[in-house]
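Every chain is numbered from 1 and lettered A, B, ... according to where its sequence line falls, protein lines coming before strand lines.
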Amino acid sequence: MASLRSVKGMNDLFGVEALSLGAVESLARNLAKRWGAEEVRTPVLEKLDLFVRSVGEATDVVGKEMYAFEDKDGSQLCLRPEATASVARMLVQHGILRDHPRFRAFYAGPMFRRERPQKGRYRQFHQVGVEFFGEPEPSADVEVIALAAAILDALGLDDVVVELGSVGCPECRPSYREQLVAFLRQEADQLCELCNQRTETNPLRCLDCKSASCQAVYGDAPLPLDHLCDACDQHQAGVEKGLDRLGLDYRVNKRLVRGLDYYRRTVFECTTQKLGAQSAVIAGGRYDGLLGSVGGDEGVAAVGFAAGTERLQLLAREAGTEAGLSPADVAIVTDRNQGVDEALVLMQGLRASGLVVVADLSDRGRKAKTKWLGRTTHRHSLFLEADGSARLRLQGMETQAVHPEIAAILQVLSSN
RNA sequence: GUGGCUGUAGUUCAAUAGGUAGAGCCCCGGCUUGUGGUGCCGGUUGUUGCGGGUUCAAGUCCCGUCAGCCACCCCA
């Protein structure tokens, strides 16, 4: 068995685990619908190149955490590490934007990243997310953030903070980046080894280094928000104004950056202190131009976010709002294996009328069956006696004898 | 990829200074209670993660390995 265990970081889900993960997904799905998003499903397996070109080859997600392999025909495939690139690819491949120049997508499903597993982080994990395509205006950013906030709110999560920032656009980012790199090089001897590496590979990410000594230096660093071009600046102002108008709480974080290359302008993150090192629960932003990197129209705007489903679930558990297993409507028990056929007919009828029915029709003893009833959650129970009579018990009510008119029982139960 | 902690029945855990592996829960059966998680009796379950080593003898010591958890990295 040891060798047949599930793969490291990939978990079997059953009981409340499976149920509450599904509950989080449908909660997000229902809310996304209210925002006009429609559900899409894309394959779990994609061409490796899709992520190399959109997410970025230099990013950790693509560079070191991807499950990539060669298919039998020699093509390079991988398990998707995220879904945004896939959705973008889908839109281009099917020319969806011709019919729907503004398209809002919702998705839910498993993603794969080969990292060391820990609390709230698994190699196969789940995300729910939305992408709004073809909407360049700040109001779309506001709607996206409002949806993220609505999901958190619906789960009763009030210790999650929305942080907002901007990483600029191809107009203003290059010059800002140069300034930042110059600053970093000047302070190189003050910085940690990692930040010195990042200075060359991804300087923006230095800004959220966890080292206290680095942060001390970054107090004087040029920040992206202070170096936006006029257009980005106005966009940012528009987003903030919209959020204010809706009364949504957020905190402007001047040094908020992203790990994926495709972000432009707005970036935001919903964070918590309750998941150990995994503070990000929902993260997103704007990625205008992403369609260009997957072979589509460069000019198409896009905003969206992805939420870690397990992380939402874990937070709901701590908040006491996690969905639990629901009780059956009726539990049926026979006396030994007497009256099994009658029981089957009854169950068929009850189920046809929409009730959840569980039963123990085995030839086990009365004791075993009453024990079973005792630990099985249900609203009503029906003890079918060998003589054809039945005892109906409503939860919390006294036992009462009932004659075996199935129709009458059905009526009693379904009118409840 | 790096570091720390852990690894005994399905599960939660025990096992004095190394001496032939135990308990609760759960599960199964019976009795009792005229029938709802009661009480009593009985029963099943383990290559003590795996592989080496030290020893007359290792769950207990040493090495390795794998797995889990937590942290770093990174991210949702």
Taken in chain and number order and not counting sequence neighbours, the residues that satisfy salt bridge (Lys or Arg N to Asp or Glu O under 4.0 Å) with A:Lys64 are A:Asp60

Worksheet item: Who are the salt bridge (Lys or Arg N to Asp or Glu O under 4.0 Å) partners of A:Lys33, not counting sequence neighbours?
Response: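 Checked A:Lys33 against salt bridge (Lys or Arg N to Asp or Glu O under 4.0 Å); zero matches.
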
Nearest-angstrom distance from the residue atom NZ of A:Lys119 to C1' of B:C69: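 Going from A:Lys119 (NZ) to B:C69 (C1'), I get 10 Å.
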
Show me the protein contacts with nucleotides 37-39 of chain B, counting only N or O atoms at under 3.5 Å.
unit_1, atom_1, unit_2, atom_2, d
B:G37, N9, A:Gly374, O, 3.4
B:G37, N3, A:Gly374, O, 3.4
B:U38, O4, A:Lys367, NZ, 2.8
B:G39, O6, A:Lys367, NZ, 3.4

For A:Phe183, the ring pair (Phe, Tyr, Trp, His ring centres under 6.0 Å) test, sequence neighbours excluded, returns none

Partners of [X] by side chain to side chain donor-acceptor pair (under 3.5 Å), sequence neighbours excluded?
{"X": "A:Glu38", "answer": "none"}
{"X": "A:Glu178", "answer": "none"}
{"X": "A:Arg116", "answer": "none"}

Identify each donor-acceptor pair in which a side-chain atom of residues 144-155 of chain A lies under 3.5 Å from a protein atom, sequence neighbours left out, and give them as a table.
none

Taken in chain and number order and not counting sequence neighbours, the residues that satisfy side chain to side chain contact (heavy atoms under 4.5 Å, CB included) with A:Gln348 are none

Output field dot_bracket for RNA chain B (Watson-Crick or G-U, both distances under 3.5 Å, | for other-strand pairs) contains (((((((..((((........)))).(((((.......))))).....(((((.......))))))))))))....

Residues in residues 34-67 of chain A with a heavy atom under 4.0 Å of RNA chain B, by number, are A:Asp60, A:Glu65

- Flag the pair A:Arg255 and A:Glu163 as a salt bridge only when some basic side-chain nitrogen lies within less than 4.0 angstrom of an acidic carboxylate oxygen.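 Here A:Arg255 does not pair with A:Glu163 in a salt bridge, since their nearest N and O are not under 4.0 Å apart.
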
Please list, one pair per line, the donor and acceptor atoms closer than 3.5 Å that link side chains of residues 80-89 of chain A to other protein atoms, with sequence neighbours excluded.
unit_1, atom_1, unit_2, atom_2, d
A:Arg80, NE, A:Pro110, O, 2.8
A:Arg80, NH1, A:Thr42, O, 3.2
A:Arg80, NH1, A:Thr42, OG1, 3.4
A:Arg80, NH2, A:Pro110, O, 2.9
A:Glu82, OE1, A:Tyr262, OH, 2.4
A:Glu82, OE2, A:Thr84, N, 3.4
A:Glu82, OE2, A:Ala85, N, 2.9
A:Thr84, OG1, A:Glu131, OE1, 3.4
A:Thr84, OG1, A:Glu131, OE2, 2.9
A:Ser86, OG, A:Glu46, OE2, 3.0
A:Arg89, NE, A:Gln93, OE1, 3.0
A:Arg89, NH1, A:Glu46, OE1, 3.0
A:Arg89, NH1, A:Glu46, OE2, 2.4

Residue A:Arg116, side-chain heavy atoms: nucleotide from B:A67, B:A76, B:C70 that is nearest: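 Closest nucleotide among those given: B:C70.
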
Q: Would you mind telling me which of B:C69, B:C75, B:C72 lies closest to the side-chain atoms of A:Arg113?
A: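 Nearest to the side-chain atoms of A:Arg113, counting from C-beta on, is B:C75.
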
